[in-house]
Amino acid sequence: MNHSILSASALLLGTSALFGQGSAFQTPGMPRQVYGPPKEGTSQDNSGQASRFSSVFNPAFSFVGDIVGDYRSGGEEVGWNAELRALEFGAQAWVDPTAWAYFTAVSDGESLDIEEAALHYKGLGERHTLRVGKFFLDFGKQMQTHIHELRTLERPLVLREYLGDEVSGTGVQWDHWFSANDTTAVRFSLGAFSSLLPEHEHGEEEEPEAEAEVAGRKSIGNLNYSARVTGFTDVGTNGTLQLGTSARIVPDFAFVDEDGGGEVGGLDNTVWGLDVTYGWKDETATKSFTAGLEFLVNSGDVGAELGAAPGDAPIVADGTRTGWLLFADHGLDPNNSIGLQISMAELADADKTEALEIEAYYTRYLSEFHRLRFGLSTLDVDGADESFRAAVQYTFFVGAHGHGVNW
Amino acid sequence: MRLLTLLALVLLGLSAQAAEKLKVVTSIPDLADLSRRIGGDRVEVQSICKGLENPHFVSVKPSHLVAMSRADVFVQVGLSLEVAFVPGLLENCGNARIQPGRPGFINASDGFAAIDIPGQVDRKLGDVHPQGNPHMNLSVEGGAVMAANILKGLCAIDPAHKADYEARHAAWTRELEAAQQRWKKLGEGWKGRKVCVYHQEHAYLIRGYGLVTLGSVEPQPGIPPTPASLASLIATLRKEKDVCLLAVAWARRSELEEVRNQAGVTLVELPNMCAGLPGTESWIEMMDLLHKRLAEAFGPQKGT
């Protein structure tokens, strides 16, 4: 009897271990290891022509390091600093002939965030893509891009203020493009997400503030939506012109004072943008010039300040704020570029305080896989001291790096 | 009335004939030239890359995306030469006809014996290509291989005009054979001649003619030189005589000038692809100019 109990226990333990690690073979009733049509008359699991020990179908991996050292003066932060701004780890692979998937996990050395984890489904037909999962907002020319891949050290002021440093949402987005003529392509995207507000970065708050939050459960009308239409066309033999318009719609959200407990809900916000970009390269494609303008309108409930006392509801600022960014970049050769970016925004306070940010940079591509950037920037906010920053950024890319950024 | 009907029928016939043309997109102009030669009036051909560009860093334009979406045939060199722009275009164009494995996808280097295949693929080797040196379009033997693959692809996708394609291919092959005789004669005295290169695009010619490479401005393929690597190269070249520095239009002029002036070498600007430098509209013309410039640089009396 004891022997039987021991045998049964051993069998159960063994079975548990098999399920935990993936079964070596399948018996009737066991869950399939890989979804797909079962293989009749065989004891093998349906693992896509590979055993569980095979690495031949492994995804492509990459990692990126982004290190910034800087000196600031004149603002709230003064002095020297150096930080590992981002260590990004990513993987991507085709799931089957109709879809590929990827994820991007980013750490600043203290926490690890999954910034993107999405699948691109191509089975809807030619030039259609359905993107499902968590991924960056398709807005303007920059918001799909991670900060370490920007042309500048930071996201421009107007985008930071109206949309956020990095905005990713969990949802679904449909992309389609078509040709308007032989030299013009037009793309549009429509997306619906649980939230398109920037995620709070706990641990980085320097002082308490009202945080914008979208409810977890909501009606379909209160999902967050994105839309973009963009067209680009040849200009002569060496130039390209792109025009685009984008919108982010948050129909219902709340400002929350997480420390004091106050909250005000039933708010809405829409950001609309217009972008124009011109790019040119010489006959050898070694010298380049790129210039662009983005104009944004932020309307609805645009910001909030904490209430006077703990527990008071935040004081919401509403109305319309406008801002813009303008940049010019000159590629001296494939390894060196210089540029200037200017951004202005009406801030989300009741007074519509204006802020102006100017950044100049020089980028040296040490090779295709790492780069060094020197930047100088100033931020001038009405009624406050002008702040200055000098920074060095070093970024390296290892492996098959990519995010599926669309044009 | 009869005349109008006849005219309409003629126009309809011409229109139908035009509509039947295969739309061919090629990655580089060399393949466009060969596609035109073999396809004749059966094809409309467009190249993505221009003749003076670096094929490793081509910027995609809207017209490229539109052309790829409409193409019946896409021709690439392969060997990862166009990895910077072709995979993205193929994925985004949404054209199933020209995807790898389909009849409309032609890999022009199929069957070509590439050189410099790395034993271990590592970024320490620079912008290394796992399948070997991809610049087979600058190999004397490369033209025949590219043309054969284009012929095979066009015949597979348009078998009704196979005889036309084969006849044009045969005519082009005769031109090639005559050109190869010219090139062979020019290159007879080149064995042992010393060269320095900027990039590795002429490696097939260097090996084929027995030239001796003393160094490279790029310390590794695709890696820009550092001050130390340039100084080392210049020191090496100063010890030698009669060295030719081989470069193409996209190479950084400042570094070429520095090496030329400090090491006393002869700078030779060579074509990278056809339809770049004047007089290189066809692949054979491009190879003619390449041999001519090398011959001028080496000089007939200097041959060993």
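Chain identifiers are assigned alphabetically (A, B, ...) following the order of the sequence lines, protein sequences preceding nucleic acid strands; residue numbering begins at 1 within each chain.
Relative ring orientation between A:Phe374 and A:Tyr362 is described as parallel, the plane-to-plane angle staying below 30° on a 0-90° scale split at 30° and 60°. Relative orientation of the A:His146 and A:Phe136 rings is parallel, given thresholds of 30° and 60° on the angle between their planes.
Heavy-atom pairs under 4.5 Å with chain B peak, among A:Asp282, A:Thr129, A:Asn181, A:Asp175, at A:Asn181. Contact tally against chain A (heavy-atom pairs below 4.5 Å) for B:Arg253, B:Glu53, B:His64: the top residue is B:Glu53. Considering only heavy-atom pairs separated by less than 4.5 Å from chain A, the leading option among B:Ile223, B:Asp127, B:Val58 is B:Asp127. The candidate from A:Lys287, A:Glu126, A:Lys122, A:Gln242 with the greatest count of non-hydrogen atom pairs under 4.5 Å with chain B is A:Glu126. Of the listed residues (A:Asp234, A:Thr233, A:Asn335, A:Leu366), the one with the most heavy-atom contacts under 4.5 Å to chain B is A:Asp234. Counting heavy-atom pairs under 4.5 Å between each of B:Ala96, B:Cys93, B:Gly222, B:Ala67 and chain A puts B:Cys93 at the top. Between chain B and the residues A:Glu283, A:His128, A:Lys281, the largest count of heavy-atom pairs under 4.5 Å involves A:Glu283.
Side-chain contact annotation: A:Glu115 with A:Ser168, donor-acceptor N/O pair under 3.5 Å absent. Side-chain contact check for A:His176 and A:Arg127: no donor-acceptor pair (N or O, by modelled atom type) lies under 3.5 Å.
Heavy atoms closer than 4.5 Å to chain B are found nowhere in A:Phe178, neither backbone nor side chain. Residue B:Pro55: no heavy atom, backbone or side chain, is found under 4.5 Å from chain A. Interface residue B:Arg70: only side-chain heavy atoms are found under 4.5 Å from chain A. In this structure, no portion of B:Gln99 lies under 4.5 Å from any heavy atom of chain A. Interface remark: B:Lys50 contributes side-chain atoms only to the contact with chain A (heavy atom separation under 4.5 Å). Looking at A:Arg364, the atoms closer than 4.5 Å to chain B (heavy atoms on both sides) all sit in the side chain, from C-beta outward. For A:Thr286, the part lying near chain B is the side chain, with the backbone staying farther off; criterion is any non-hydrogen pair under 4.5 Å.
Considering A:Thr395, A:Leu87, A:Leu84 as possible partners of A:Ile67, the one that fulfils the side-chain contact (heavy atoms from CB on, under 4.5 Å) test is A:Leu84. Of the residues B:Val73, B:Val75, B:Val25, the one that meets the side-chain contact (heavy atoms from CB on, under 4.5 Å) test with B:Ser35 is B:Val75.
In this structure, A:Tyr102 has its ring center closer than 6.0 angstrom to the ring center of A:Trp100.
Among all heavy-atom pairs drawn from A:Val172 and A:Phe135, the shortest one is C-CZ, 4.3 Å. Across all non-hydrogen atoms, the minimal contact from B:Gln76 to B:Ser27 is CA-OG, 3.5 Å.
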